[in-house]
Amino acid sequence: MSHDFDTQKDQTFANYAELSDANDLPDTADVDYFFLPAEDDADWRALADALSRDGYDCEFVEDDGAPYLVATLSDQAISAASIWMGEEVATRVALSHGFTPDGWGFEA
């Protein structure tokens, strides 16, 4: 099954619009992208290495037995388009390593 980037992009833009309507957002922030293993043999280290080469800082998190990877881009302009650009790049890398996207966030 192929990934639906159009739906993912639409969700990112809708989530951003909802967030910006309800909050004063910063001009820049560190943006976190979250990825879950989609396959039993998903290789965490290979994904982190690949994302690191693209400028993401990566951290493996094991939260109540549900592990995930956080890929962070520091000091990013905060807009729907800029968040989506980082998300699309990271998602393409993650999919090729057996992971699936699980959203994004930042601290204002």
Side-chain angles (χ1 to χ4, degrees):
M1 182 167 119
S2 66
H3 185 74
D4 187 345
F5 282 96
D6 291 332
T7 296
Q8 183 183 2
K9 180 180 180 181
D10 290 346
Q11 289 172 340
T12 292
F13 275 72
N15 291 341
Y16 179 84
E18 184 179 316
L19 188 62
S20 66
D21 286 347
N23 301 280
D24 290 327
L25 301 181
D27 292 332
T28 61
D30 296 349
V31 180
D32 297 324
Y33 302 98
F34 306 100
F35 298 96
L36 302 171
E39 303 169 1
D40 289 337
D41 62 346
D43 188 342
W44 298 92
R45 187 174 310 275
L47 174 57
D49 288 346
L51 287 171
S52 294
R53 285 191 300 274
D54 285 336
Y56 297 81
D57 294 321
C58 297
E59 178 183 1
F60 172 77
V61 178
E62 192 156 350
D63 186 29
D64 293 329
Y68 60 96
L69 184 122
V70 181
T72 302
L73 286 175
S74 298
D75 300 322
Q76 297 299 297
I78 299 301
S79 70
S82 65
I83 291 168
W84 170 245
M85 286 189 307
E87 183 179 15
E88 181 181 22
V89 169
T91 297
R92 289 186 187 282
V93 173
L95 290 170
S96 72
H97 286 84
F99 289 79
T100 187
D102 192 43
W104 54 267
F106 60 88
E107 288 190 35

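Hydrogens, waters and symmetry mates play no part in the numbers below; they use all other heavy atoms, side chains included. This structure is a prediction, so every number in the text was calculated from the model and none was measured.
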Checklist outcome for this item: side chain to side chain donor-acceptor pair (under 3.5 Å) pairs touching residues 24-34, sequence neighbours excluded, are D32-T72
What's the separation between atom [atom1] in [X] and atom [atom2] in [Y], rounded to the nearest 0.5 Å?
| X | Y | atom1 | atom2 | answer |
| --- | --- | --- | --- | --- |
| F35 | D102 | CZ | CG | 9.5 Å |
| C58 | L47 | SG | CG | 6.5 Å |
| L73 | W104 | CG | CH2 | 13.0 Å |
| E18 | F13 | CD | CZ | 15.5 Å |
| T100 | E39 | OG1 | CD | 10.0 Å |
| Q8 | H3 | CD | NE2 | 3.5 Å |

Next on the checklist: For F5, does the six-membered ring have the charged nitrogen or CZ of R92 within the cation-pi criterion, i.e. under 6.0 angstrom from the centroid and within 45° of the normal?
Outcome noted: yes
Checklist outcome for this item: By side-chain hydrogen bond (donor to acceptor under 3.5 Å, both in side chains), S20 pairs with (sequence neighbours left out) none
Checklist entry - Could you walk me through whether S74 and D57 pass the side chain to side chain contact (heavy atoms under 4.5 Å, CB included) check? => result CA-CA 8 Å; S74 298; D57 294 321; 3.7 Å; yes
Shortest non-hydrogen separation from [X] to [Y] and the atoms involved:
| X | Y | value |
| --- | --- | --- |
| Y56 | A71 | CD2-CB, 3.9 Å |
| A80 | T12 | O-CG2, 4.3 Å |
| P67 | L36 | O-CD2, 3.8 Å |

Next on the checklist: Checking L69 against V61 for the side chain to side chain contact (heavy atoms under 4.5 Å, CB included) test, could you report, in this order, the C-alpha distance in whole Å, the side-chain angles of both residues, the deciding distance, and whether it holds?
Outcome noted: CA-CA 6 Å; L69 184 122; V61 178; over 6 Å; no
Checklist entry - For the side chain of N23 and the backbone of L25, is there at least one donor-acceptor N/O pair under 3.5 Å apart? => result no
Item to check | Pairs satisfying ring pair (Phe, Tyr, Trp, His ring centres under 6.0 Å), at least one member in residues 71-101, at least two apart | outcome: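 Applying ring pair (Phe, Tyr, Trp, His ring centres under 6.0 Å) to every pair that reaches into residues 71-101, excluding sequence neighbours, yields W44-F99.
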Checklist entry - Hey, any chance Y68 and L95 share a hydrophobic cluster, counting ILVMFWY side chains that come within less than 4.5 Å of each other, even indirectly? => result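 No: no chain of side-chain contacts under 4.5 Å links Y68 to L95.
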Checklist entry - Under 4.5 Å between side-chain heavy atoms, hopping through other hydrophobics if needed: is there a path connecting L19 to V31? => result yes
Checklist entry - Do the side chains of M85 and V89 get nearer than 4.5 Å, heavy atoms only? => result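 V89 does not reach M85 side chain to side chain.
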Checklist entry - Any side-chain heavy atom of V70 within less than 4.5 Å of one from F60? => result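 With C-beta onward as the side chain, the pair stays apart.
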Next on the checklist: Checking S82 against Q76: is there a side-chain donor and acceptor pair closer than 3.5 Å?
Outcome noted: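 Distance-only check fails for Q76 and S82.
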